[in-house]
Every structure is written in C-alpha cells, then in structure tokens.
Amino acid sequence: MNATPTLGFLLHDVARLLRKRFEQRAKCLGLTRSQWQTLASLSNNEGIHQGGLAEILEVEPITLVRILDKLAERGLIERRQHPTDRRIWLLYMRDEAHPLLAEMRELGDTTRAEALQGVSAEQREQLFHILSVMKTNLVQACRSPVDENETNDG
C-alpha cells in the first residue's frame, strides 16, 4: 500500500479543510454553508433565474428553493418576476446582504492566507497556474464522451 496520497485525494482533503476552516470562522454569521455559497454565487450572477443558479451550484432546483426561502426570510435576497415570463423568478441581492458578503470575503481571505502560510509568492503563482491548466484540461475532457474501453475494466 502506497502511503503517499494521490492527487485527487490531496485536492479533496485541501478543499474539505478549507471549507471546514471557513465554516469555523463563519459560524458567527448564522449562515449554513449552502446559504453562503448561494449568496456568493448570486453576488456574481444577479438577475439570474433560479434554474440557472441551481445549475451553477450543482444542486437540484427544489433544494435551491429551500435555501432561497431561508435567505429571503432573512431579508438577504429577493425574487422578482421575469418581465415577460410569469413562470420565471429572477434573483437579486438585497442591500442587507452586502455587508454580510463583505464579511464572508474577509473570512475567506483570512482562511486562504492561513492555508498558504509558508508558501512563497512564486510558489503560489505556480500553484494557481498548474491548477488552472488542470481545470481547463478537465473541462475540455468532460465535454468529450468517455471511450467504452476506459469505463469497462472488468
């Protein structure tokens, strides 16, 4: 058994621990992880419809509706009816959400700084470059069907 973790496991663990540390810091804000992820995504996509935001967040639309209901109850987001299609609701941040979002960003900055402690600026640049290349490669690969021989190992 190889004691060295694979790239996938290491990336997963780092991402999990970043989320865990952020959640420890963000607990005082009174939001669940899914709520702050929704707010962060909405802040970059104001005016999006619920289905589009669900797709970005990679959650089922019904799951997102529950999250949005909670955020609306807290006065952080609002739904506005689409101007030409009454079936579609468009999502917007309320003014009350912006200070909370700023706090979340500060907590994220602090968490990232903690994670990157001891990593030089040059190493950080390399890390971001390598991860960006990997992401591009995987996005392109995911657009292509998998060869049957690759999925049928036994």
Side-chain angles (χ1 to χ4, degrees), residues 5 7-145:
L7 177 63
F9 279 112
L10 187 57
L11 288 172
H12 175 78
D13 281 348
V14 169
R16 178 183 56 80
L17 290 166
L18 277 169
R19 284 189 307 271
K20 180 178 181 175
R21 186 62 173 155
F22 179 86
E23 288 170 6
Q24 288 174 336
R25 292 181 187 286
K27 195 174 196 171
C28 63
L29 301 178
L31 294 173
T32 66
R33 181 189 329 161
S34 56
Q35 289 171 339
W36 59 255
Q37 286 175 323
T38 300
L39 276 180
S41 292
L42 181 56
S43 72
N44 295 322
N45 297 283
E46 284 204 73
I48 193 170
H49 59 86
Q50 292 180 179
L53 187 59
E55 194 172 306
I56 289 170
L57 292 168
E58 296 182 350
V59 298
E60 292 297 319
I62 190 68
T63 302
L64 180 61
V65 167
R66 290 186 200 109
I67 296 166
L68 294 172
D69 287 346
K70 295 285 184 190
L71 292 172
E73 284 172 22
R74 282 192 62 179
L76 299 175
I77 63 127
E78 64 180 307
R79 294 174 171 108
R80 298 180 195 161
Q81 213 159 25
H82 190 279
T84 59
D85 190 339
R86 292 181 29 197
R87 299 168 296 169
I88 297 176
W89 291 93
L90 305 177
L91 304 169
Y92 293 88
M93 305 276 292
R94 301 217 33 213
D95 289 341
E96 295 82 353
H98 294 287
L100 187 61
L101 194 59
E103 274 189 78
M104 288 170 43
R105 287 190 174 124
E106 282 181 35
L107 294 175
D109 290 344
T110 302
T111 303
R112 281 186 297 280
E114 191 173 37
L116 291 167
Q117 188 176 344
V119 180
S120 72
E122 183 181 320
Q123 290 171 319
R124 290 176 191 205
E125 194 174 307
Q126 281 182 308
L127 174 63
F128 280 85
H129 175 73
I130 291 167
L131 290 172
S132 295
V133 169
M134 289 174 63
K135 179 180 176 182
T136 299
N137 291 343
L138 290 169
V139 165
Q140 290 174 354
C142 286
R143 291 182 181 144
S144 303

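All residue numbers in this chain count up from 1 along the given sequence.
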Participant: Between A54 and L64, what is the shortest heavy-atom contact and its length?
Facilitator: N-CD2, 3.4 Å
Participant: If you compare all heavy atoms of R124 against all heavy atoms of L116, which two are closest, and at what distance to 0.1 Å?
Facilitator: NH2-O, 3.0 Å
Participant: Are the side chains of L31 and R74 in touch, meaning some heavy atoms are under 4.5 Å apart?
Facilitator: yes
Participant: Closest approach of L90 and P83, non-hydrogen atoms and distance?
Facilitator: CD1-CD, 4.1 Å
Participant: Who are the side chain to side chain donor-acceptor pair (under 3.5 Å) partners of R94, not counting sequence neighbours?
Facilitator: none
Participant: Among D69, T63, I67, which one satisfies side chain to side chain contact (heavy atoms under 4.5 Å, CB included) with V65?
Facilitator: D69
Participant: State the CZ-OG1 distance between R25 and T111, to the nearest 0.5 angstrom.
Facilitator: 4.5 Å
Participant: For L101 and A40, work out which heavy atoms get closest and say how close.
Facilitator: CD1-CA, 4.1 Å
Participant: Distance from M93 atom CE to N45 atom CG, nearest 0.5 Å?
Facilitator: 11.0 Å
Participant: Any carboxylate oxygen within less than 4.0 angstrom of a Lys/Arg side-chain nitrogen, looking at K20 and D13?
Facilitator: no
Participant: Looking at every non-hydrogen atom in both residues, tell me the closest pair between A72 and R79 and how far apart they are.
Facilitator: CB-NH1, 4.3 Å
Participant: With a 6.0 Å cut-off (strictly less than), is the heavy-atom count around CD of E55, excluding the residue itself, greater than 12?
Facilitator: no
Participant: Side chains of K135 and L131: does their closest heavy-atom pair fall under 4.5 Å?
Facilitator: no
